[in-house]
Amino acid sequence: MFEDKVILGFETSCDETAIAVMKNNKLLVNKISSQVDIHEKFGGVVPEVASRAHSEMIRNLFHLSLKEAQLELSDIDLIASTDGPGLVGSLVVGYNFAKSVAWSLEKPFLPIDHMVGHLSAPLIEHPQLDPPFLSLLVSGGHSQIVLVEEWEKYELLGSTIDDAAGEAFDKLSRYCGFGFPGGPAIQKLSEGGDESKIALPRPKTSGEFDYSFSGLKTAAMYYLRDLKKEDEVSRRDFAASYQEAIVDSLMGVFERAVKETNVPTISGGGGVIANRRLREKLAIFAEKNNKNIYLPSPILSTDNAAMICSAAQKNLTTKDLNINDVRLSSIIN
Ligand code: KG4
Ligand code: ZN
């Protein structure tokens, strides 16, 4: 069996260079080198800059990860890497580095979908997570509701028709100069703010389980544009009201999907799942409706390579592949 093998995971789909080592379902190392400081002055991720920063960082991070795991190169049994979706210039750095390691060590290589990574992240802290369950995957590029009927059998029930939830945080934060990335900046600003102070829309879509956030973002921008001098609105109240509108929108559709599918368990992943208010509302909903809830902690919600190891581990155990099968497919590809 593969359970006791050592998996080395890579994730470089956006602006985090991340490497993790997992053995026997246990996380030995979870290294994340964030590029936030580099992109902050641009107000967003600059793809070319991100790609260069990954190239500069990845080799050192690789050696550091092995050192911290107290492992030799020869101890690695499998290498996994995100192969998309993401910024192409960023993806190729981690993917090619990972594949080169696999080739040089003559070890199997497993490409992992980034969103399957997010979906597998809760397993690291909650190994009892078991299908059927519904996962709310919300990041800077995606807002999806995924029904996991069994491992490897995913049904996309709904997704955003325009901006992703994280994008809605990021774009408004940039417009207002609240900080980068927008989600954590708005969450911090909203602390102590009155979330009912400003009436913002909760957009609806024609798709039963789809999302839309661009109208909300525009409404918030118009609100600021039309603000009169005598209107007393604090940045805190504005941030809290905007965050509440995003969280309410996410919850409304997700709750309906949970009720319709009648799954016993809910889960989630992606950077927006780190949001305190969203976690609070998901927990309340789970408790009221008697559902199990398994969320990754905030550090495993935003991009990381531990989730790539976790997805690889699950992939191997569920498909019951043996290591030679994986090696074959990696050479063919
Ligand atoms: O999954 P992720 O790290 O990268 C992508 O795959 O996109 O998600 C990044 C997104 C960004 O839009 C960021 O603003 C948002 O997640 N985010 C948050 C929080 N932390 C990160 N949004 C709301 N509240 C947070 N605490
Ligand atoms: Zn992500």
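Just so you know, ligand 1 is whichever comes first in the structure, and atom 1 is the first atom listed for that ligand. What you are looking at is a predicted structure, and each value in this text was computed from that prediction instead of being measured.
Centred on the Zn ion (ligand 2), the angle running from His114 (NE2) to Asp303 (OD1) is recorded as 100°, rounding to 10°.
Distance alone, capped at 3.5 Å, places no donor-acceptor pair between the Tyr294 side chain and the Gly268 backbone. With Ser104 contributing its side chain and Ser100 its backbone, the two residues share a donor-acceptor pair below 3.5 Å. Ser173 contributes a side-chain N or O that, together with a main-chain N or O of Gly179, makes up a donor-acceptor pair within less than 3.5 Å.
Not a single N, O or S atom of His142, from either the backbone or the side chain, sits less than 2.8 Å from the Zn ion (ligand 2). Distances from the Zn ion (ligand 2) show that Cys14 has no N/O/S atom below 2.8 Å.
For a threshold of 3.5 Å applied to N or O pairs, the pair formed by His114 and ligand 1 contains at least one separation below that value. Inclusion of Gly183 in the set of residues having an N or O under 3.5 Å from an N or O of ligand 1 is warranted. On a distance-only criterion, Gly166 and ligand 1 share at least one N/O pair closer than 3.5 Å.
At most 12 non-hydrogen atoms from other residues, nucleotides or ligands lie less than 6.0 angstrom from CG of Asn290. Surrounding CZ of Arg174 are at most 12 heavy atoms belonging to other residues, nucleotides or ligands under 6.0 Å away.
The closest side-chain donor-acceptor pair between His54 and Thr17 falls under 3.5 angstrom. Defined by atom type and a distance below 3.5 Å, a donor-acceptor pair is present between the side-chain atoms of Thr82 and Glu11.
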Exercise. Can you check side chain to side chain contact (heavy atoms under 4.5 Å, CB included) on Ile7 and Gln313, steps first, answer last?
Worked result: CA-CA 8 Å; Ile7 302 176; Gln313 178 82 68; 3.7 Å; yes

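Note on ligand 1: Pro184 sits in its first shell, one or more heavy atoms being nearer than 4.0 Å.
The protein heavy-atom contact nearest to atom 24 (N) of ligand 1 is Asn275 ND2, 3.0 Å. Closest to atom 7 (O) of ligand 1 among all protein heavy atoms lies Gly140 N, 2.9 Å. Residue, atom and distance of the protein heavy atom nearest to atom 4 (O) of ligand 1 are Asp303 OD2, 3.0 Å. Taking atom 17 (N) of ligand 1 as the reference point, the nearest protein heavy-atom neighbour is Gly271 O, 3.5 Å.
For ligand 1, the atoms lying closer than 4.0 Å to a non-hydrogen atom of Gly141 are 7 (O). Using a 4.0 Å cut-off to heavy atoms of Ala274, the atoms of ligand 1 that qualify are 26 (N). Close approach to Gln187 involves these atoms of ligand 1, each under 4.0 Å from a residue heavy atom: 24 (N), 25 (C), 26 (N). The His118 neighbourhood of ligand 1 comprises atoms 1 (O), 6 (O), with distances under 4.0 Å to a heavy atom of that residue.
Residues Leu224 and Phe238 meet the side-chain proximity criterion, which asks for heavy atoms closer than 4.5 Å.
Taking only non-hydrogen atoms, the option from Thr302, Asp170, Leu87 nearest to atom 13 (C) of ligand 1 is Asp170.
In this structure, Arg225 satisfies the cation-pi test against Tyr222, with its NZ or CZ atom closer than 6.0 Å to the six-membered ring centre and inside 45 degrees of the ring normal.
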